[in-house]
Amino acid sequence: MGHIKGLKCRECGREYAVEPIYVCEFCFGPLEVSYDYASIAKALSRKTIESREKSLWRYRELLPVDGEPQVGLTSGYTPLMKADNLARELGVAELYLKDDTVVHPTLSFKDRVVSVALTKAKEFGFDTVACASTGNLAHSVSAHGARAGLRRFIFIPASLEASKIIASLVYEPNLVAVDGNYDEVNRLCSEIASRYRWAFVNINIRPFYAEGSKTLGFEIVEQLGWKAPDNVVVPCASGSLLTKVWKSFKEFKEIGILGELGTKVFAAQATGCSPIVTAIKQGTDVIRPVKPDTIAKSLAIGNPADGFYASQVIKETGGAGEDVSDREIIDAIGLLARTEGIFAETAGGVTLAAAKKLIEAGKIGRDEVTVICLTGNGLKTQEALQGHTISPHYIKPNINSFEEVLKKIG
Ligand SMILES: *Cc1c(COP(=O)(O)O)cnc(C)c1O
């Protein structure tokens, strides 16, 4: 097994051996995994994939591991739901929700990247894993690292939602809450990563970690009956997921699983942290860092590492970007729950609200096939809805009291 050629600089193309490194020594460009697609095409067919277990490892030839998967054996293969109620509400013909709010052990798409990153960390022989997180990554590394028997250092902004902090603490990692925003946490972690031989999943292991996101795209294609959609709407934090969804479609084409690609890729961000969408709207290649201020904390990266590459994918595919207010996020969470019975976290609200605006603006065609990516479960960010839901009916424990309420409901 193992179809990796090596690591390659995205800027100057210089090649490196497979090691826990992430920047080019010459031009400081980010490194990316490169594969031998000719040998993958021989090893991997639709039939082979279909014969395998329903987890993200069914696409293993296109993932950067050498041996057997060691982490996240039950991650991935989440539902692709045809959302007819929501389609009617939004006035589109064919709408699908890629539902990463369920199935994953820690209920967010981060189980995809962490499954790959920790398998790779074990292959490299690391005994300690670490991450800088906006919330879901903390949760996922804490959990998968526990099962894999790894020592864990988890760095988060101290201002994260209480429920996300508890959901990480339960696995007893070394949780370090930093008095600063994500970008400050990330800067600190880069410094720590250069001093200690730890596998920082989104720093020195990042090239391998990021590849895990492709599985979301592979699944969309397989679940649509081996077709790529006309439009896909992706939430952006660092911008990595968006670039990898596109890479997944291109790789399926490269190995002959898909024909010509006509997919447009769309970015969704919160207005309170929209460096990528702002650059797209202004038609510039320069991503200007911002100071995040939004309830969508899982997307609150003001200085996105893959922002430039995400904006290039959007341009290349003819997509667009849209940003939405906190109010629109909350309304969209409600709309999704009311129409399709799915409770998504704030990032899901961002994505649906952005998709709605893109449809209204005519940027997403009403008679096309559109997939909206829901990347995390709403039970993780319940605080965001405090004071924004309907109220319970309070009654006395007797039938009269109940029937009074029933009369009012009608
Ligand atoms: C991390 C995350 C994303 C996207 O992250 P990228 O850094 O852009 O890859 C999207 N949704 C949720 C819920 C996340 O936690």
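First listed ligand is number 1; within each ligand, the first listed atom is number 1. Note that the structure is predicted; figures quoted are calculated from it, not measured.
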Looking at [X] and [Y], does any basic side-chain N land under 4.0 Å from a carboxylate oxygen?
X: E345; Y: K164; answer: yes
X: K291; Y: D293; answer: no
X: R112; Y: D100; answer: yes

Open item on the list: If the condition is salt bridge (Lys or Arg N to Asp or Glu O under 4.0 Å), which residues does K214 pass it with, not counting sequence neighbours?
Closed with: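 K214 satisfies salt bridge (Lys or Arg N to Asp or Glu O under 4.0 Å) with E211, E251 only.
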Under 3.5 Å: N or O atoms of ligand 1 paired with protein N or O:
unit_1: ligand 1; atom_1: 7 (O); unit_2: S238; atom_2: N; d: 2.8
unit_1: ligand 1; atom_1: 7 (O); unit_2: S238; atom_2: OG; d: 2.6
unit_1: ligand 1; atom_1: 8 (O); unit_2: A237; atom_2: N; d: 2.9
unit_1: ligand 1; atom_1: 8 (O); unit_2: S238; atom_2: N; d: 3.2
unit_1: ligand 1; atom_1: 8 (O); unit_2: G239; atom_2: N; d: 2.9
unit_1: ligand 1; atom_1: 9 (O); unit_2: L241; atom_2: N; d: 2.8
unit_1: ligand 1; atom_1: 11 (N); unit_2: T375; atom_2: OG1; d: 2.6
unit_1: ligand 1; atom_1: 15 (O); unit_2: K110; atom_2: NZ; d: 2.8
unit_1: ligand 1; atom_1: 15 (O); unit_2: N136; atom_2: ND2; d: 2.8

**Prompt:** Using the ring of each side chain (for Trp, its six-membered ring), is F124 parallel, tilted or perpendicular to F208, with breaks at 30° and 60°?
**Reply:**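 Perpendicular, since the angle between the ring planes exceeds 60°.
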Quiz item: Once the angle between the rings of Y37 and Y35 is folded into 0 to 90°, is it parallel (under 30°), tilted (30 to 60°) or perpendicular (over 60°)?
Solution: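 The rings of Y37 and Y35 sit tilted, inter-plane angle from 30° to 60°.
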